[in-house]
> 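To start, I am sharing the structure in question, which I have written as structure tokens.
What you see below is based on every heavy atom in this structure, not just the backbone, and it leaves out hydrogens, waters and symmetry mates.
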Amino acid sequence: MTEIKFLGGADEVGKEAILLKTGKENILLDYGTNVQTMETPMQPDVPIDAVFLSHAHLDHSGYIPILYKNGYRKGVWATNETFELSHILLKDSLKVQKKKGLVSKFAASHIDMMYAHKRVLGYKQPISIGKSMVTMYNAGHIPGSSSTLIDTGKKRIIFTGDIKFIPTEISPGADTSYKNIDVLISESTYSYKDHPDRVILANGLRGHVKDVVNRGGTAIIPCFAVGRTQEMLVNLTGLGIPVYLDGMGIRATEAMLRYPASLKDPEGIRKAFKEAIKVRSSRQRKEALKRDCIIISTAGMLQAGAVTYYIKKLYNDERNALLLTGYQVDGTPGRELLDTGRFVQDETDVVPKMEVRFLDFSDHCDKQNLMKFFNKVKPKKIVLVHGERTGEFAEELNEKGFDAQAPKAGDVIQV
Ligand SMILES: [Zn+2]
Ligand SMILES: [Zn+2]
């Protein structure tokens with residue numbers, strides 16, 4: 001009997017953490033934080049034999065250093081790209097907490113300890129953890145992202161991580177060539193809607209940004225550092241409009257370009273990155289404010305980072321535009337702005353005059369592609385995680401003849 005315990009991230013988008021107890025090995029799949037609330041997952045209630053990290057985003061990686069603080073000394077497995085990118089994000093998370101006056105639950109030395117125990121794993125290179133075989137597959141979400149298959153000898157359990165099937169400038173799309181799956185633990189961020197066609201969306205964005213600049217405004221494009229920043233660079237350079245790139249996206253792009261093989265269009269990204277004006281000083285930041293231009297900047301959900309500086313300077317002019325380009329988690333300033341029209345961050349609480357729009361670029365699969373995926377893989381059981389509407393989606397899947405469950409944090413499923 002294998003026990004799957006959900007330590008976090010089951011019925012929310014944040015603090016993903018799944019503990020697999022095969023009876024012989026205890027394997028932890030991701031150990032993230034909720035980047036907005038800084039909430040953390042439950043502690044594993046057994047000694048861990050291995051940690052597998054699906055990808056660099058902090059809602060999957062953000063709490064792994066605490067394991068080392070608490071005495072864990074075994075390995076953490078992930079792809080090279082994931083290690084490279086999560087190092088940037090983890091170190092930055094300490095800085096952000098310090099800036100906000102929060103005391104981090106772990107120190108830089110615990111990140112170093114995690115990295116001293118890193119075990120690089122390529123796609124489709126099975127390794128054994130005790131009696132279990134573990135294989136990672138490209139999840140198509142961001143560079144290095146993986147779905148993790150655990151074959152206990154009795155059951156084949158796969159955790160999708162965050163997954164995307166449609167190719168973008170960044171990723172060729174997920175590899176779903178695995179077979180005979182007993183349990184599919186699937187993310188379900190967009191279990192309730194379909195995404196618009198990405199090419200049409202990108203064309204619309206370019207047209208929109210030109211309109212903003214033609215009316216004498218500046219277009220602010222908040223982006224996640226990893227993935228969306230590079231996609232926006234490719235889409236928005238070459239229009240004859242100056243593009244400023246600010247925040248963590250600069251280092252993330254440099255890191256990604258060190259692994260061109262994992263990118264779908266490395267030359268396109270390299271060219272766009274070269275053309276963009278990288279903001280590395282406050283003088284350049286002020287220069288960006290004086291021009292009608294495009295500003296691509298972190299953080300994607302407006303929680304912190306350089307983008308908040310630009311919003312605070314530019315919100316009061318209706319010629320400017322703020323174009324949100326990714327999922328806005330409940331409780332983030334980005335979500336609040338979309339829901340209420342107010343931008344609230346630290347001491348700032350304003351109703352921006354500038355245009356605010358949401359564009360549904362997403363690095364998660366949508367409902368129709370999730371359904372296609374389930375129909376292709378035909379798992380014996382589907383377990384939905386990483387979503388805000390997992391319960392209703394499980395009901396819908398059960399009505400369609402699947403065996404689906406939507407656990408909550410703390411729940412245990414036996415298979
Ligand atoms: Zn992610
Ligand atoms: Zn995620």
Side-chain angles (χ1 to χ4, degrees), residues 1-10 15-33 40-57 59-68 70-79 82-83 86 113-115 117-137 139 144-163 178 180-187 379-383 385-386 405 407 409-415:
M1 185 76 79
T2 291
E3 232 180 67
I4 309 171
K5 184 167 184 184
F6 299 87
L7 304 179
K15 61 176 180 347
E16 197 63 51
I18 300 166
L19 177 59
L20 229 67
K21 303 180 194 174
T22 69
K24 298 218 166 52
E25 301 84 32
N26 300 315
I27 298 172
L28 187 59
L29 303 170
D30 290 353
Y31 207 52
T33 45
T40 53
M42 300 163 66
Q43 279 194 25
D45 51 5
V46 287
I48 301 295
D49 296 301
V51 179
F52 285 84
L53 172 58
S54 67
H55 66 287
H57 284 153
D59 56 322
H60 300 258
S61 68
Y63 213 41
I64 292 178
I66 203 84
L67 299 171
Y68 290 92
N70 292 343
Y72 177 67
R73 291 293 178 270
K74 291 182 182 171
V76 50
W77 278 262
T79 61
T82 293
F83 279 123
S86 64
M113 241 187 230
M114 167 185 166
Y115 273 76
H117 292 86
K118 79 170 192 180
R119 307 272 188 277
V120 174
L121 195 59
Y123 296 135
K124 292 185 166 179
Q125 290 176 358
I127 55 138
S128 59
I129 300 292
K131 297 252 182 279
S132 294
M133 292 300 289
V134 185
T135 315
M136 287 180 144
Y137 291 81
S145 66
S146 313
S147 299
T148 312
L149 173 67
I150 302 98
D151 190 333
T152 68
K154 290 192 176 121
K155 297 281 175 194
R156 285 166 63 79
I157 299 163
I158 189 151
F159 168 50
T160 60
D162 292 357
I163 194 163
Y178 32 81
N180 304 319
I181 299 299
D182 294 292
V183 184
L184 172 66
I185 306 171
S186 177
E187 73 124 316
K380 292 199 182 109
K381 185 187 275 300
I382 297 172
V383 179
V385 296
H386 201 285
Q405 271 177 275
D411 284 358
V412 173
I413 292 178
Q414 295 194 326
V415 292

> Taking the side chain as C-beta and beyond, is there a heavy-atom pair between T22 and I157 under 4.5 Å?
no
> About how many Å separate NZ of K131 and NZ of K154, when rounded to the nearest 0.5 Å?
10.5 Å
> Can you check side-chain contact (heavy atoms from CB on, under 4.5 Å) on W77 and I129, steps first, answer last?
CA-CA 11 Å; W77 278 262; I129 300 292; 3.7 Å; yes
> With side-chain contact (heavy atoms from CB on, under 4.5 Å) as the criterion, how do T2 and V183 come out once you've worked through the C-alpha distance, each side chain's angles and the decisive distance to 0.1 Å?
CA-CA 11 Å; T2 291; V183 184; over 6 Å; no
> Quick one: do I27 and I150 satisfy side-chain contact (heavy atoms from CB on, under 4.5 Å)? Show the steps, please.
CA-CA 9 Å; I27 298 172; I150 302 98; 4.1 Å; yes
> Do you know which two heavy atoms are closest between D151 and R156, and how far apart they sit?
OD2-NH1, 3.1 Å
> Q405 versus D411: any side-chain heavy-atom pair under 4.5 Å?
no
> Measure the spacing between CG of D49 and CG of N26 and express it to the nearest 0.5 Å.
5.5 Å
> Within the structure provided, determine whether V385 and E16 are in side-chain contact (heavy-atom separation under 4.5 Å).
yes
> Roughly how far, to the nearest 0.5 Å, is CZ of F52 from CD1 of I64?
11.5 Å
> Return each pair, listed once, that meets salt bridge (Lys or Arg N to Asp or Glu O under 4.0 Å) where at least one residue sits in residues 117-130; pairs must be two or more places apart or across chains.
K124-D175
> Looking at every non-hydrogen atom in both residues, tell me the closest pair between I48 and Y72 and how far apart they are.
O-CE1, 3.4 Å
> Mind checking salt bridge (Lys or Arg N to Asp or Glu O under 4.0 Å) for K15 and listing every partner two or more places apart, or none if nothing turns up?
E12, E39
> Just so I know, are the side chains of K21 and D45 near enough to count as touching, which here means a heavy-atom distance under 4.5 Å?
yes
> D182: what forms a side chain to side chain donor-acceptor pair (under 3.5 Å) with it, not counting sequence neighbours?
K380
> What distance separates S54 OG from M136 CE, expressed to the nearest 0.5 Å?
7.0 Å
> So, taking the atom named CD in Q43 and the one named CG in L67, what distance separates them when rounded to the nearest 0.5 Å?
8.5 Å
> Between L20 and F159, does a side-chain contact (heavy atoms from CB on, under 4.5 Å) hold up when you go through it step by step?
CA-CA 11 Å; L20 229 67; F159 168 50; over 6 Å; no
> Indicate the ring-plane relationship of Y178 and Y137, choosing parallel, tilted or perpendicular according to the 30° and 60° boundaries.
perpendicular
> Without swapping roles, check the side chain of D59 against the backbone of G32 for a donor-acceptor pair under 3.5 Å.
no
> State, yes or no, whether a side-chain contact exists between I18 and I4 at a heavy-atom distance under 4.5 Å.
yes
> Specify whether F83 and Y115 have parallel, tilted or perpendicular ring planes, treating 30° as the upper limit for parallel and 60° as the lower limit for perpendicular.
perpendicular
> Rounded to the nearest 0.5 Å, how far does CG of N180 lie from CD1 of I158?
12.0 Å
> T82 versus S61: any side-chain heavy-atom pair under 4.5 Å?
no
> Backbone N or O of E187 within a donor-acceptor pair of the T160 side chain at under 3.5 Å?
yes
> Of all the heavy-atom pairs spanning P41 and A17, show the shortest one and how long it is.
CB-CB, 3.7 Å
> Above 12 or not: heavy atoms from other molecules or residues under 6.0 Å from CD of Q125?
yes
> State, without any angle test, whether D162 and H57 hold a side-chain donor-acceptor pair at a distance under 3.5 Å.
no
> Of all heavy-atom pairs between S146 and Y123, which one has the smallest distance, and what is that distance?
OG-CE2, 3.5 Å
> Within the 4.5 Å heavy-atom criterion, are R73 and M113 side-chain neighbours or not?
yes
> If every non-hydrogen atom of Y68 is compared with every non-hydrogen atom of G75, which pair is closest and at what distance?
OH-C, 3.8 Å
> Check whether any side-chain heavy atom of D30 sits under 4.5 Å from a side-chain heavy atom of L53, and report yes or no.
yes
